[in-house]
Amino acid sequence: MTQALFRSDKQPSGQLFHNNEFMNDLRLQMLKFAILQVRNEALAEDAVQDAMLSAYQNIDRFNRQAALKTWVFAILKNKLIDILRKEKRYTNASILEEGASLNDEALIDHLFTENGHWQKDERPQKWYEPDHGVESKHFWRIFDTCLEALPAKYSRFFMMREFLELDTNEICDNEEVTVSNLNTTLFRARLRLRECLEDNWFQGENNT
Amino acid sequence: MMKCTQATQLLSEKLDRPLSNKEKMNLGIHTAMCPACRQFGKQMLSLRDISQRYVKQSDREERGDNT
């Protein structure tokens, strides 16, 4: 039975699955995304497999790589939400606290003066043409790197909120944190992420 | 007046919860006078927009390297 799923090379769309490079990249991207989300490689692998299988089964619906990708990520996203809902207890609080708050005070001191105003040369700059800039591969590489540089808890909360679009209560339930703790963590994650993007992408753009 | 440290936190929280009227007013007064925090607020919205595009990964391969 399973064999039949892969026998789609007669349709033009079936070729997508024979483009090994594309499929490998897609699988790796999904896996990275899933692992960051659920922090469990086995669960992440399963979710990615399921999402890929659904894609194989529905291959006729796609004639462009981009369309397939959007769709397969949507499936993956739902699977991850299910896993997170079921696996409430997966978070090991002690692991998450590590390193999280270590550098926050230092960052705040770096960005703001003692009386709580922006340091002159740290004031946020206008992000010129983000629409244009964010289309490039180079931008996404920097974005990846900036995300990975966040403490684990920060990036997970940020991704739950912004990638999976879970609402605050849902994240607090799942992660057993208070609303104010979540809000502070999201704030710090965004503060770091914007700092990293501004230093590594937007600043460079402005100077050219 | 509200400090930039407080204003930036509210500009982030605004994305996660509705602000109270008092918070809105104080934040409004602050950002009216503080271009850096106004910029920060715009960047918070950009971050959300960028994140949504990241997940959709739309046409990333097809557009290739020509920025």
Side-chain angles (χ1 to χ4, degrees), chain A residues 21-22 25-26 29 33 64-67 69-70 73-74 77 108 111-113 115-118 120 122-127 130-140 143-144 147 158-159 161-165 167-168 171 179-180 182-184 186-191 193-194 197-198 202, chain B:
Chain A
E21 203 191 333
F22 169 73
D25 282 358
L26 181 59
Q29 281 168 357
F33 178 71
R64 287 163 57 245
Q65 292 185 346
K69 203 166 184 175
T70 305
F73 259 94
K77 183 171 141 171
I108 304 266
L111 295 176
F112 299 101
T113 62
N115 44 15
H117 295 287
W118 286 98
K120 203 172 173 193
E122 293 297 337
R123 286 177 193 154
Q125 303 295 308
K126 185 169 167 44
W127 286 359
D131 284 353
H132 171 73
V134 299
E135 305 297 344
S136 81
K137 275 188 179 174
H138 184 209
F139 175 81
W140 291 122
F143 190 68
D144 272 341
L147 264 184
F158 179 81
M159 288 194 278
R161 181 76 188 106
E162 301 294 353
F163 292 6
L164 303 189
E165 296 171 50
D167 67 28
T168 303
I171 300 172
V179 174
S180 76
L182 174 65
N183 286 341
T184 303
L186 285 173
F187 167 56
R188 290 175 173 175
R190 289 177 181 132
L191 197 63
L193 207 49
R194 73 149 285 284
L197 288 177
E198 187 156 296
F202 290 104
Chain B
M1 190 178 102
M2 183 181 268
K3 293 174 179 179
C4 296
T5 41
Q6 298 163 312
T8 47
Q9 171 132 17
L10 282 183
L11 285 163
S12 166
E13 289 192 17
K14 209 173 133 182
L15 300 177
D16 308 313
R17 67 175 177 93
L19 299 184
S20 72
N21 285 338
K22 195 181 165 197
E23 286 171 328
K24 275 186 208 163
M25 196 181 71
N26 287 331
L27 184 61
I29 293 169
H30 181 96
T31 50
M33 300 193 299
C34 177
C37 285
R38 274 208 300 283
Q39 240 4 288
F40 183 89
K42 285 183 195 162
Q43 292 178 353
M44 291 298 99
L45 294 174
S46 295
L47 268 188
R48 171 155 288 178
D49 181 55
I50 289 166
S51 300
Q52 280 163 12
R53 292 195 212 189
Y54 179 82
V55 176
K56 287 185 189 124
Q57 309 252 325
S58 60
D59 294 25
R60 214 157 123 186
E61 254 71 23
E62 291 177 347
R63 282 198 190 106
D65 276 321
N66 51 335
T67 56

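Naming convention: chains lettered A, B, ... in sequence-line order (proteins, then strands); numbering from 1 in each chain.
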OG-CZ distance between B/Ser12 and A/Arg188, expressed to the nearest 0.5 angstrom
11.0 Å
A/Trp118 vs B/Thr8, side chain to side chain contact (heavy atoms under 4.5 Å, CB included): CA-CA, chis, key distance, verdict
CA-CA 10 Å; A/Trp118 286 98; B/Thr8 47; 3.3 Å; yes
Interatomic spacing from CG in A/Leu186 to CG in B/Leu15 - rounded to 0.5 Å:
9.0 Å
Determine, stepwise, if the pair B/Gln9 / A/Leu191 fulfils side chain to side chain contact (heavy atoms under 4.5 Å, CB included).
CA-CA 9 Å; B/Gln9 171 132 17; A/Leu191 197 63; over 6 Å; no
Closest approach of B/Arg48 and A/Glu162, non-hydrogen atoms and distance?
NE-OE1, 2.7 Å
NZ/B/Lys14 to CZ/A/Phe187 distance, rounded to the nearest 0.5 angstrom?
14.0 Å
A/His117 and its side-chain contact (heavy atoms from CB on, under 4.5 Å) partner, picked from B/Cys37, B/Cys4, B/Cys34
B/Cys4
Please check this pair: side chain of A/Arg190 against backbone of B/Leu47, looking for a donor-acceptor N/O pair closer than 3.5 Å.
no
Sort A/Ile171 into side chain, backbone, both or neither according to what part of it lies under 4.5 angstrom from a heavy atom of chain B.
neither
Residue pairs passing the side-chain hydrogen bond (donor to acceptor under 3.5 Å, both in side chains) test with at least one member in residues 34-44 of chain B, sequence neighbours excluded, are A/Arg194-B/Gln43, A/Glu198-B/Gln43
Can you list the residues of residues 17-30 of chain B that sit under 4.5 Å from chain A, counting heavy atoms only?
B/Arg17
Region of A/Thr184 in contact with chain B, defined by heavy-atom distances below 4.5 Å:
both
For the residue pair A/Pro124 and B/Ala36, what are the closest heavy atoms and their distance?
CG-O, 3.4 Å
Name the region of B/Leu11, side chain, backbone, both or neither, that has any atom closer than 4.5 Å to a heavy atom of chain A.
neither
Once rounded to the nearest 0.5 Å, what's the spacing between atom CG of B/Asp16 and atom CG of A/Asn183?
5.5 Å
The interface call for A/Asn115 against chain B, heavy-atom contacts under 4.5 Å, is backbone
With a 4.5 angstrom heavy-atom cut-off, could you sort out which part of A/Phe163 is near chain B: side chain, backbone, both or neither?
both
